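Following: one structure in structure tokens, then a few remarks.
None of these values were measured; they are calculated from a predicted model. Order of the sequence lines fixes the chain letters, A, B, ..., with proteins taken first and strands second; residue numbering starts at 1 for each chain.
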Number of protein chains: 2
Amino acid sequence: MFSKSTEYALRAIIYLAQNSDPDHKIGLEELSKAIGSPRSFTAKIMQKLTKDQNLVSSVTGPGGGFYTNQESKTRSVFSVLELMGEETTITQCVLGLDQCSDQNPCPLHSTYKQIKPRLLEMFQGKSIQQLAKELKNEKTVLNRPRKAS
Amino acid sequence: MFSKSTEYALRAIIYLAQNSDPDHKIGLEELSKAIGSPRSFTAKIMQKLTKDQNLVSSVTGPGGGFYTNQESKTRSVFSVLELMGEETTITQCVLGLDQCSDQNPCPLHSTYKQIKPRLLEMFQGKSIQQLAKELKNEKTVLNRPRKAS
DNA sequence: ATAATTAAAGATATTTTTATCCTTAATTAA
DNA sequence: TTAATTAAGGATAAAAATATCTTTAATTAT
Ligand code: FES
Ligand code: FES
């Protein structure tokens, strides 16, 4: 559904929401291993995420790393999608027409019209923190286990 | 949501379902203009679609072109997605984990679990012919109008 | 048979996405 | 102040997606 970059970004920020705070930062090494993403590529994505204030912060040097503060954890999952330029994945026309609207509907529009709001709600209605909590409570995972448990 | 290739494929097959039959074939020129896709690239996609029997047929030479027969029009939109290798776009884990299942759910799984069946139904429950009919009846479009009407 | 038309097939080209590596800058600890 | 650590930034590289062009094969009309 989303690009690898966005998948990594989502996994990374959820991991940080669960495991970091301003007093406990996570290094790139731990982070990329935890979410099962290529280290250097993840570095690039983190640079993008830290560009946007309010989402992910970082500090260089010993003891440094990436972290989320309390406020950033309240941001919606959708805000991550926006930052990664993936709103269109949900909002654009399924057949690729210039705009998805009731004005010039494609043949799939009337059906997609019913699903799109649910997809938006799925991401807009969930905060990063909520996902992190589910991770803790419901035994969900962020990495790619080779064998199912 | 889908790749350009898949978007073109869907638009093409819907156009053919509406405008072609074994006695009235559509040339690449008309087809690519009608759906607003790059001509040569569309040719490649059509080759893929004609490889699968039952979906799109073609004939070379004067009067030749692409067409759909009555049976192929009854196929589901999902069958096109399968042919284009896009089932995973819907079925795979939103966070990119190896598998999307209740076994090793990611933090978004419980929410996506409610939407995924609707997305599948959206494509499995619609035949190509149904979309072509909507195109005719409900004034839907397949190209990219520069100005909304 | 020959010429014209059309898709199939193959070769390339371009762009975007994904990924790695190397150098620099910031921070901390000794 | 020096050395160590860590992310930032820049330069490439590799792979995949998108796109174009040229040649070939099939079919039809003359
Ligand atoms: S116009 Fe195509 S999905 Fe809305
Ligand atoms: S496991 Fe992630 S969406 Fe199902």
Item to check | Residues which pass salt bridge (Lys or Arg N to Asp or Glu O under 4.0 Å) with B/Lys126, listed by chain and number, not counting sequence neighbours | outcome: B/Glu134
Checklist entry - Got a sec? Which of residues 50-57 of chain A come in under 4.0 Å of DNA chain D, heavy atoms? => result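 Those residues are A/Thr50, A/Lys51.
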Next on the checklist: Run the ring-ring contact (aromatic ring centres under 6.0 Å, His included) test against A/Phe2 and tell me which residues pass, sequence neighbours left out.
Outcome noted: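 A/Phe2: ring-ring contact (aromatic ring centres under 6.0 Å, His included) contacts with A/Phe123.
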Item to check | Integer-rounded Å distance: C/dA7 P and B/Tyr67 OH | outcome: 13 Å
Checklist entry - Whole-Å distance between D/dT23 C1' and B/Gln47 CD? => result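 Atom CD in B/Gln47 sits about 13 Å away from atom C1' in D/dT23.
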Checklist entry - A/Arg39: what forms a side chain to side chain donor-acceptor pair (under 3.5 Å) with it, not counting sequence neighbours? => result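 A/Arg39 satisfies side chain to side chain donor-acceptor pair (under 3.5 Å) with A/Glu29 only.
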Who pairs with [X] by side-chain contact (heavy atoms from CB on, under 4.5 Å), at least two apart in sequence or on another chain?
X	result
A/Leu83	A/Leu49, A/Asp52, A/Leu55
A/Thr88	A/Thr91, A/Gln92
A/Ser5	A/Ser3, A/Phe41, A/Ile45, A/Met84
A/Pro22	A/Tyr67, A/Asn69

Item to check | salt bridge (charged side-chain N to carboxylate O under 4.0 Å, His left out) pairs, two or more places apart, involving residues 105-116 of chain B | outcome: B/Asp102-B/Lys113
Item to check | Pairing partner of D/dA29 (Watson-Crick or G-U wobble, both distances under 3.5 Å) | outcome: C/dT2
Checklist entry - For B/Ser58 and C/dA8, is the shortest distance between a side-chain N/O and OP1 or OP2 below 4.0 Å? => result yes
Taking only nitrogen or oxygen atoms into account, show me every contact under 3.5 Å that the protein makes with nucleotides 12-20 of chain C, one pair per line with its distance.
from	atom 1	to	atom 2	distance (Å)
C/dT18	OP1	A/Lys4	N	3.0
C/dT18	OP2	A/Ser5	OG	3.1
C/dA19	OP2	A/Tyr8	OH	3.1

Checklist entry - Going by heavy atoms closer than 4.0 Å, what residues in residues 20-28 of chain A are next to DNA chain C? => result none
Checklist entry - Once each nucleotide of nucleotides 24-30 of chain C is scored for protein heavy atoms under 4.0 Å, what B/S/- sequence comes out, 5' to 3'? => result --BBB--
